[in-house]
There are 2 protein chains.
Amino acid sequence: MIKTKFSIAIHIMTLLAMYKEDWMNSILIAESLNINPVLVRKEIAALKAGGLVESKEGKNGGVKLLIDANKIRLSDIFKIAKGTDTVLSPLKNKPNPNCRVGKQINSKMDTILEDIDTAISKELEKQTLEEFMNQF
Amino acid sequence: MIKTKFSIAIHIMTLLAMYKEDWMNSILIAESLNINPVLVRKEIAALKAGGLVESKEGKNGGVKLLIDANKIRLSDIFKIAKGTDTVLSPLKNKPNPNCRVGKQINSKMDTILEDIDTAISKELEKQTLEEFMNQF
DNA sequence: CATTACTGTAATTTTTTTAATTACAGTATA
DNA sequence: TATACTGTAATTAAAAAAATTACAGTAATG
């Protein structure tokens, strides 16, 4: 569910940008979000795989930005949160293949859905994480 | 759920554009989509309220475009499907009000989420329903 | 070197959301 | 007056998401 992941990811990244010297742990972050720490850790795993953060295990461990907040654009965070999904996904039910529209709708829709994601990325490219954080 | 509604609405509108002389009924449309007719009728109610289609009750009734397909842009359909929601909605859990980020994140996010919807609308403005239909 | 405090995941359960179904009143057609 | 629709509300079933539990692995610290 992109909509949740995106909100979680932005929140996490804002915290990390604000306390960029500290290793922040998932419980603290989860308390700020008011969600379960495991969800936070999962999203951190994605941000880590995307190269935006680093983490340290063990006592006094936690997470930290790997890149300066002014080098990170909100679109970078969006792309990681979204993964391979599209924001507006097609219906799960297979449309009727005996219908002229049903037969082709999914492939035609796919183009639109990809274009929408590209448009979102372009929009989010405009703002850096630092700019976003400086509002707080 | 905007993602479902948008797909349903586009599918319905494509069918109506293709068979623009006919009153199409919800069972036929539902069979093309392979979903329940009640869901179709609900989305038709929204399209009707949005002024894009007209419907006729009783025997031989159904739904029909009210506006020519070349005057309808995909953004018009998107706006109706989305209603007052944003595509990427904020988390339901209230973030921690004792946290500097938690306290303000929702209001700051709202701006981003609105901007995303505007960007999607702009993208979908580029294509008319007729152009989309002509692909089939 | 044992204790503590973390990450990282997997597995399971609970909760929430979405979709399907059922039901039926109202209406136009023939 | 029978038939075939729309329009909606209420209920049930199914699917998805979130929370919880559990625990192995790891690093710091006394």
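Letters A, B, ... are given to chains in the order of the sequence lines, protein chains preceding strands, and every chain is numbered from 1.
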Using atom [atom1] of [X] as one end and atom [atom2] of [N] as the other, report the distance to the nearest whole Å.
X	N	atom1	atom2	value
A:D85	D:dA17	CG	P	9 Å
A:K42	D:dA16	NZ	P	16 Å
A:R41	D:dG25	CZ	P	16 Å
A:E43	D:dA19	CD	P	14 Å
B:L28	D:dC5	CG	P	9 Å

To the nearest 0.5 angstrom, please state how far the [atom1] atom of [X] sits from the [atom2] atom of [Y].
X	Y	atom1	atom2	result
A:F136	A:M133	CZ	CE	9.5 Å
B:F132	B:T14	CZ	OG1	4.5 Å
B:L88	B:I2	CG	CD1	8.5 Å

Give one of base, sugar-phosphate or nothing for [X], where a contact means two heavy atoms less than 4.0 Å apart.
X	result
B:N36	base
A:K92	sugar-phosphate
A:I27	nothing
B:K48	sugar-phosphate
A:V63	nothing

Are A:L91 and A:V101 in one and the same hydrophobic cluster, where Ile, Leu, Val, Met, Phe, Trp and Tyr link if side-chain heavy atoms are under 4.5 Å apart?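 The answer is yes; both residues are in one hydrophobic cluster.
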Would you say A:M24 ends up clustered with A:M18 if hydrophobic residues are merged whenever their side chains have heavy atoms under 4.5 Å apart, either directly or through other cluster members?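 Same cluster.
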Got B:E131 and B:N134 here, is their nearest side-chain heavy-atom distance under 4.5 Å?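 SC-SC contact between B:E131 and B:N134 ruled out.
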Please tell me if the side chains of A:L16 and A:L52 come closer than 4.5 Å, counting only heavy atoms from C-beta onward.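 Contact flag for A:L16/A:L52 side chains = no.
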Any salt bridge linking B:D22 with B:K64? Criterion: basic side-chain nitrogen under 4.0 Å from a carboxylate oxygen.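 Not counted as a salt bridge, because no side-chain N and carboxylate O are separated by less than 4.0 Å.
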For nucleotides 27-30 of chain D, which of its nitrogen or oxygen atoms have a protein nitrogen or oxygen under 3.5 Å away, and what is each distance?
{"residue": "D:dA27", "atom": "N3", "partner": "A:K59", "partner atom": "N", "Å": "3.3"}
{"residue": "D:dA28", "atom": "O3'", "partner": "A:N60", "partner atom": "ND2", "Å": "3.3"}

Range on DNA chain C touched by chain A, heavy atoms, distance below 4.0 Å: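 The protein-touched segment is C:dT4 to C:dA20.
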NZ/B:K82: more than 12 non-hydrogen atoms of other groups inside 6.0 Å: yes
Where B:G102 and B:P95 come nearest, the two heavy atoms and their spacing: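 The pair with the smallest heavy-atom distance is O-CG, 3.3 Å.
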Could you pick out which residue, A:P37 or B:I44, lies toward the 5' side of DNA chain D when each is mapped onto its nearest nucleotide?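 Result: B:I44.
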Judged by each residue's nearest nucleotide on DNA chain D, which is more toward the 5′ side, A:T4 or B:S26? B:S26
Between A:M1 and A:M24, which residue's closest nucleotide on DNA chain C lies nearer the 5′ terminus? A:M24
Report the residue from A:I72, A:I67, A:V63 that forms a side chain to side chain contact (heavy atoms under 4.5 Å, CB included) with A:V53.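 The passing option is A:V63.
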Any donor-acceptor pair under 3.5 Å linking the side-chain atoms of B:R41 with those of B:S26?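 Distance-only check passes for B:S26 and B:R41.
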Using rotation axes that map the C1' atoms of four end pairs onto the next four (five pairs an end), what angle separates the end axes of the helix from C:dC1-D:dG30 to C:dA30-D:dT1, to 10°? 10°
